[in-house]
S.K.: 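My questions all concern the structure below.
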Amino acid sequence: MMRKLWTPLLCILACGGEEPAASDGTSTGSTATTTTSGTAATTTEGPTTPTSTSTTAPEPLTTTSTTAPEPLTTTSSTSTTDGSTTADTTTGVQECVGELPAHWIDGTDCGSETQVQIHQYSADTWILRQSLCTSFEGPFMMLLFGSERALLLDTGDGDIPIDDIVHDLVDDWSQAHGGAPIELIVGNTHAHGDHVAGNNSFVGDAGTTIIGIGEAAVRQFFGIDGWPEQIVQYDLGGRVLDIVPLPGHEKAHIAVYDPATGVVFTGDTLYPGRLYIADFPTYVASVGRLVDHLADKEVCRVLGAHIEMTNTPGEDFDFMQPSHPDEHPLELDLAHLIELRDAVEAMQEPMIEVHDDFIVYPL
């Protein structure tokens, strides 16, 4: 396991791989690896609407300060017959109003797989996944609608018509809601290339605002004066999101908590995969702050921006693997976020630590 775990790190440092080091410094991880069990995630079935039939072969290679009580109560969840998820108890966890597909495109059939899978998660929320046939990153992008504007979180790793796809979705949503124009806000969970590569394709588009990718630009747009401790709200029009600064993986990283759906969008800070940490103390503080913020909130799911784990607990796919047969579900939950918080806070020094559903991976 050790050689496999260090392979991506060596490639990142030597050849500029998927997660470059943050410009605000890195922390050196220990060579020790530990393994611990975690909670399992569940999937629900939902419709999938492909957008494009062409494929590209893979490359050769708001403002409120927050404090929260401890401890936060967690609950396990169970599937219902309609595909939604309900909690065994209600404290801290809400019933999921959105549905996820039974299967995400996974790069196992590049002859027929679409470049971008479009999934309507709920009435006003879409999740897009870029095909692994076009990028081994297979990143996820989120589109959230309010009555006045829509927020796109991330634009993928390039070589996909993300601007056309998103504008079509915005136009369709607008027509279905009376035809009034709606502003598109293009933002990013963080500034790494596999999340911002499509930003430039929106430049000059009517009714579109692009948030800059650096910390200063993110702070200015959302009105965050006390970065990273200040958590603010951003109103899409009847849909107010919590914007949570989350540096550590990358210095301009944010998380978004959506009370309308109970979903926490965590980008690359937490997802079923290798959690690359560039600034370990900052990351630990960020994860703790997010957990504290959610202590009095209702959480349905935690959705990150990648899948790198297999369905076998504790086992990840090889770095840069172009297909993910039998991959882990995208969704995690509040218990996973608390598990991550507890794990990194307990470390005497940064170290690789394997959990069932994610791997702590300091750089």
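Just so it is clear, the structure is predicted and the values come from calculations on it, not from any experiment.
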S.K.: Side chains of His293 and Asp242: any donor to acceptor distance under 3.5 Å?
M.R.: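 Their side chains do contain a donor-acceptor pair, which is all the 3.5 Å distance test asks for.
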S.K.: Restricting to side-chain hydrogen bond (donor to acceptor under 3.5 Å, both in side chains), what partner residues turn up for Tyr121, sequence neighbours left out?
M.R.: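 side-chain hydrogen bond (donor to acceptor under 3.5 Å, both in side chains) check on Tyr121 returns Arg301.
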S.K.: Which atom names give the shortest non-hydrogen contact between Pro272 and His306, and what distance separates them?
M.R.: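 Distance-wise, the nearest heavy atoms are CD-O, 3.6 Å.
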S.K.: Got a sec, which residues hit side-chain hydrogen bond (donor to acceptor under 3.5 Å, both in side chains) with Thr266, two or more places apart in sequence or on another chain?
M.R.: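 Thr266: no side-chain hydrogen bond (donor to acceptor under 3.5 Å, both in side chains) contacts found.
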S.K.: Who pairs with Glu345 by salt bridge (Lys or Arg N to Asp or Glu O under 4.0 Å), at least two apart in sequence or on another chain?
M.R.: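 Here no residue qualifies.
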S.K.: Please name the pair of heavy atoms, one in Gln117 and one in His103, separated by the smallest distance, quoted to 0.1 Å.
M.R.: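 It is NE2-O, 3.3 Å.
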S.K.: With sequence neighbours excluded, what pairs up with Ala285 under the side-chain contact (heavy atoms from CB on, under 4.5 Å) test?
M.R.: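 Testing Ala285 for side-chain contact (heavy atoms from CB on, under 4.5 Å), a comparison that skips the adjacent residues, returns Arg289.
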S.K.: Among pairs that include at least one residue of residues 196-217, which meet ring-ring contact (aromatic ring centres under 6.0 Å, His included), considering only residues two or more places apart or in two chains?
M.R.: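 Qualifying pairs, neighbours excluded: His167-Phe202.
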S.K.: What's the separation between atom CD1 in Ile210 and atom CG in Asn200, rounded to the nearest 0.5 Å?
M.R.: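 Taking CD1 in Ile210 and CG in Asn200, the distance rounds to 7.0 Å.
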S.K.: My understanding is that only residues two or more places apart in sequence, or in another chain, count here; which of them pass side-chain hydrogen bond (donor to acceptor under 3.5 Å, both in side chains) with Asp157?
M.R.: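 By the side-chain hydrogen bond (donor to acceptor under 3.5 Å, both in side chains) rule, Asp157 matches Ser135.
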S.K.: Could I get the full list of ring pair (Phe, Tyr, Trp, His ring centres under 6.0 Å) partners for Phe145, not counting sequence neighbours?
M.R.: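 Checked Phe145 against ring pair (Phe, Tyr, Trp, His ring centres under 6.0 Å); matches are Trp126, Trp173.
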S.K.: Just verifying a value: how many Å separate Ile338 CD1 and Leu294 CG, rounded to the nearest 0.5 Å?
M.R.: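 So the CD1 of Ile338 and the CG of Leu294 are separated by 8.5 Å.
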S.K.: If the plane angle is over 60° it's perpendicular, under 30° parallel, otherwise tilted; pick one for Phe280 and Tyr283.
M.R.: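 The arrangement is parallel - the two ring planes meet at less than 30°.
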S.K.: Between Ala305 and Asp154, what is the shortest heavy-atom contact and its length?
M.R.: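 Residues Ala305 and Asp154, closest heavy atoms: CB-OD2, 4.5 Å.
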S.K.: If every non-hydrogen atom of His195 is compared with every non-hydrogen atom of Thr189, which pair is closest and at what distance?
M.R.: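 Smallest heavy-atom distance, with atoms named: ND1-OG1, 4.1 Å.
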S.K.: Distance check, rounded to the nearest 0.5 Å: Ile231 atom CD1 versus Leu290 atom CG?
M.R.: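 Those atoms lie 7.5 Å apart.
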S.K.: What heavy-atom pair brings Ile211 and Asn188 nearest, and what distance separates the two atoms?
M.R.: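 Taking Ile211 first and Asn188 second, the nearest heavy atoms are O-OD1, 4.3 Å.
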S.K.: Could you state the interatomic distance from OG (Ser174) to CG (Leu184), rounded to the nearest 0.5 Å?
M.R.: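 Reported value, rounded in 0.5 Å steps: 12.0 Å.
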S.K.: Could you pull out all residues at least two apart from Ala260 that satisfy side-chain contact (heavy atoms from CB on, under 4.5 Å)?
M.R.: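 Applying side-chain contact (heavy atoms from CB on, under 4.5 Å) to Ala260 gives Arg239, Asp258.
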S.K.: Go through the structure and list residues passing side-chain hydrogen bond (donor to acceptor under 3.5 Å, both in side chains) with Thr310, not counting sequence neighbours.
M.R.: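 Checked Thr310 against side-chain hydrogen bond (donor to acceptor under 3.5 Å, both in side chains); zero matches.
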S.K.: Pairing donors with acceptors under 3.5 angstrom, does anything connect the side chains of Thr208 and Asp205?
M.R.: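 No - no donor-acceptor pair under 3.5 Å links their side chains.
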S.K.: Within a strict 4.5 Å, meaning less than it, do heavy atoms of the Val256 and Ile243 side chains meet?
M.R.: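 Side chain of Val256 against side chain of Ile243, heavy atoms only: contact under 4.5 Å found.
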S.K.: Look at the aromatic rings of His190 and His253 and report parallel, tilted or perpendicular, splitting at 30° and 60°.
M.R.: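 The arrangement is parallel - the two ring planes meet at less than 30°.
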S.K.: State which residues pass side-chain contact (heavy atoms from CB on, under 4.5 Å) with Glu183; sequence neighbours excluded, sorted by chain then number.
M.R.: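 Scan of Glu183 (side-chain contact (heavy atoms from CB on, under 4.5 Å), adjacent residues dropped) gives Arg149, Ile185, Thr209.
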S.K.: Roughly how far, to the nearest 0.5 Å, is the CD1 atom of Ile118 from the CG atom of Leu143?
M.R.: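 Here the rounded value is 9.5 Å.
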S.K.: Just list the side-chain donor-acceptor pairs under 3.5 Å for residues 320-327, sequence neighbours left out, or say none.
M.R.:
| from | atom 1 | to | atom 2 | distance (Å) |
| --- | --- | --- | --- | --- |
| Gln321 | OE1 | Asp318 | N | 3.3 |
| Gln321 | NE2 | Ser323 | O | 2.8 |
| His324 | ND1 | Ile307 | O | 3.3 |
| His324 | ND1 | Glu327 | OE1 | 3.0 |
| Asp326 | OD1 | Asn311 | ND2 | 3.1 |
| Glu327 | OE1 | Arg129 | NH1 | 3.4 |
| Glu327 | OE1 | Arg129 | NH2 | 3.4 |
| Glu327 | OE2 | Arg129 | NH1 | 2.6 |

S.K.: Rounded to the nearest 0.5 Å, what's the gap from CD1 on Ile105 to CG on Leu132? Could you check?
M.R.: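 These two atoms lie 8.0 Å from each other.
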S.K.: Taking only residues two or more places apart in sequence, or in another chain, which ones meet Phe358 in a ring pair (Phe, Tyr, Trp, His ring centres under 6.0 Å)?
M.R.: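 Scan of Phe358 (ring pair (Phe, Tyr, Trp, His ring centres under 6.0 Å), adjacent residues dropped) gives His355.
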